[in-house]
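Values below: all heavy atoms of this structure, side chains included; hydrogens, waters and symmetry mates excluded. Since the model is a prediction, treat every value here as computed from it, not as a measurement. In this chain, residues are counted from 1 in sequence order.
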Amino acid sequence: MTSKFNLLAGASVGIAMIAASPALARPVKHKAHKAAARGNSQSAEIEALKAQVEALTARLDAQEQNSAQTTAAINSAQSTAAAAQATATQAQAQVATAQAAVPTEVKTQLAAMPKPKNAWANDTVISGRMYFNASTMTQKVNGVKSTGGTAGNGTGFDIKRFYLGIDHTFSPIFAANLTMDVSNVVGSGSNYNYNSSGTPSLVGRGFYVKKAYLQAKLNPAFIIRLGAADLPWIPYVENQYGYRHIENTLIDRTNFGTSADWGVHVLGDLAGGLLSYRFSVVDGGGYRNVKVTKSVDFEGRVSTSYKGFYAGVGGYSGKRSNDTEGAVITLPTGTRGIRTATRLDALVGYKSKLFGIGGEYFHAKNWNNTNTVATDKADGWSVFGNVNFAKTWSVFGRYDRVKPNKITNDDFKQHYFNAGLQWEPVKIVDLAIVYKREVGNNGDLIATSLGNQNAPSVAIPIGGRATNSEIGLFGQLRF
């Protein structure tokens, strides 16, 4: 309205100024026809200004009308939104009222109704792991290839282990595991797997129950397993080593320990996994040799892990299942009984996505002398490492040194090393080209298998030397 008034006022002033101009106020001095012409001209100008004023007025009226329509539309939209909000609020209030109106006993009954149970298979996991190799082996004594029916020379394919496991969860607390251990015995009877009478002994040597336990997980820091389960040390080292399919770890390879046994096992993690522990009270004969004994054995471990660094210490003490009824010896002290075997363990290392390095040490006393008059000691160490130079490729190596008879034959030493290149074509398969070599020297008529599962025992002459070399393809399949 203000703009309209200003425009009209300006037009009126213009008309008034024209009407009051001096030319109109002067006395008429010119001729009549000139005066008439001037009058007509001024009249035309006034009419033109009036036309402009009328056009401006019409234009302003149209703008005001449009503005009024826009304002009305905005007010209408706001009213509609307010009405919708009010409706939604009312609906929510009605729902709340309806929920509050449901009787408490009905809610209780609904909550108590049984929920659909998961199928048994939904709480069951089946897993498997197979270690295999196709390799060529050469065994020598004093530099000459060994001969005879028990010589470990030749080429072949072998499945060292096939583990098939079933895990079932009954509840958040209770679970169970059953793991079978299948060993390939094809050809063993004709080579070196003889019993005391010299005849092949294949029956019962190829299928075992490695793990069969019931678990109660009361807390991540307190888990109990009853039955045959992993022992504290060897599985722990295998996990850090990462190349179990190439070779057993140090004390497993040299038979100064086993990976599982029957008994009671307590384990757990503390401080978010920074610390862990595992303690086992077992028969002492391993999962393949269940016995009834007068005493039990103990194995334990305490370990830590932080940002790739890891370290653990452990130990073993017991009669190794030899403390049976009537199995006693007369010790040098004059007492009768069974000796206690002991073993101390240590492991330290670091691993990342790029590389890993670690070292293991053990010291054992009377490990193989619990029921002999003579005493003995043993110790050994191992270093291992790997470099992951590509996403699916790595190189690795390991060296072991063991003195298995420090009292009865202190000169006897075992050396072992392996090196290889590994490829992981898919997540469940590892394939590696590997070279292995074992050496036993300065023997005193000590029969040894040099730690390799494929190699038979060989007698090393006094001051002699035996070697076992192997090259081939090693791998594992896991699911």
Side-chain angles (χ1 to χ4, degrees), residues 129-162 181-195 198 200-202 205-206 238 241 243-256 380 382 384 395-402 404 412-423 430-443 445-461 464-477:
R129 186 177 293 261
M130 180 175 68
Y131 303 143
F132 59 89
N133 68 279
S135 60
T136 296
M137 184 183 303
T138 302
Q139 191 175 69
K140 295 181 180 180
V141 177
N142 291 336
V144 179
K145 183 180 292 187
S146 59
T147 59
T150 61
N153 296 303
T155 301
F157 178 81
D158 190 16
I159 297 177
K160 292 182 178 179
R161 286 290 187 278
F162 185 87
D181 175 9
V182 182
S183 301
N184 187 1
V185 297
V186 176
S188 296
S190 61
N191 258 348
Y192 56 91
N193 194 11
Y194 287 82
N195 60 24
S201 55
L202 301 181
R205 300 183 67 88
E238 289 177 349
Y241 173 46
Y243 290 86
R244 166 61 182 86
H245 55 289
I246 304 300
E247 192 64 80
N248 308 56
T249 56
L250 175 64
I251 65 172
D252 193 14
R253 183 183 71 83
T254 54
N255 297 317
F256 281 95
S382 174
F384 50 85
V395 292
F396 59 88
R398 170 177 154 189
Y399 175 77
D400 298 355
R401 183 182 185 276
V402 179
F412 178 52
K413 305 179 186 66
Q414 281 188 1
H415 304 268
Y416 167 86
F417 76 87
N418 67 43
L421 172 68
Q422 180 164 288
W423 176 45
D430 292 308
L431 300 173
I433 299 297
V434 185
Y435 176 73
K436 300 180 181 181
R437 183 173 175 83
E438 300 164 283
V439 179
N441 53 30
N442 295 321
L445 294 177
I446 300 297
T448 176
S449 64
L450 300 177
N452 190 290
Q453 291 180 346
N454 290 341
S457 299
V458 58
I460 305 175
R465 172 186 175 93
T467 63
N468 184 72
S469 300
E470 187 175 10
I471 185 170
L473 176 68
F474 289 73
Q476 68 172 335
L477 167 67

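- Here the closest non-hydrogen pair linking D252 and N248 is OD2-ND2, 3.1 Å.
- Of the options K436, R437, R253, a salt bridge (Lys or Arg N to Asp or Glu O under 4.0 Å) to E247 is made by K436 and by none of the others.
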Chi angles and distances behind the side-chain contact (heavy atoms from CB on, under 4.5 Å) call for Y399, H415: CA-CA 7 Å; Y399 175 77; H415 304 268; 2.7 Å; yes
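- Note that CD1 of I433 is 7.5 Å distant from CD1 of I471, once rounded to the nearest 0.5 Å.
- M137 CE to T155 OG1: the interatomic distance, rounded to the nearest 0.5 Å, is 9.5 Å.
- To the nearest 0.5 Å, atom CG of residue L477 and atom CE of residue M130 are 5.0 Å apart.
- For the atom pair OG1 (T136) and CG (L473), the distance works out to 11.5 Å, reported to the nearest 0.5 Å.
- Under the rule for a salt bridge (Lys or Arg N to Asp or Glu O under 4.0 Å), the partners of D430 that lie at least two apart in sequence or sit in another chain are R478.
- One distance of note links CG of N133 with CG of L431; it measures 12.0 Å at 0.5 Å rounding.
- Considering only heavy atoms from C-beta on, I159 stays 4.5 Å or farther from V182 through its side chain.
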As a quick check of understanding, evaluate side-chain contact (heavy atoms from CB on, under 4.5 Å) for R129 and Q476, giving each step before the final call. CA-CA 7 Å; R129 186 177 293 261; Q476 68 172 335; 2.8 Å; yes
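- Considering only heavy atoms from C-beta on, P404 comes within 4.5 Å of F256 through its side chain.
- Here the NZ-CZ distance, from K413 to R465, works out to 11.5 Å after rounding to the nearest 0.5 Å.
- Here the closest non-hydrogen pair linking H245 and F474 is O-CD2, 4.3 Å.
- Scanning for ring-ring contact (aromatic ring centres under 6.0 Å, His included) contacts around F384 gives Y241, with sequence neighbours left out.
- Here the closest heavy-atom approach between residue R398 and residue L250 is recorded as NH2-N, 3.6 Å.
- F396 pairs by the side chain to side chain contact (heavy atoms under 4.5 Å, CB included) definition with Y243, I246, N386, N418, Q422, A432, V434, not counting sequence neighbours.
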Q414/D400 under side-chain contact (heavy atoms from CB on, under 4.5 Å): CA gap, chis, key distance, verdict: CA-CA 8 Å; Q414 281 188 1; D400 298 355; over 6 Å; no
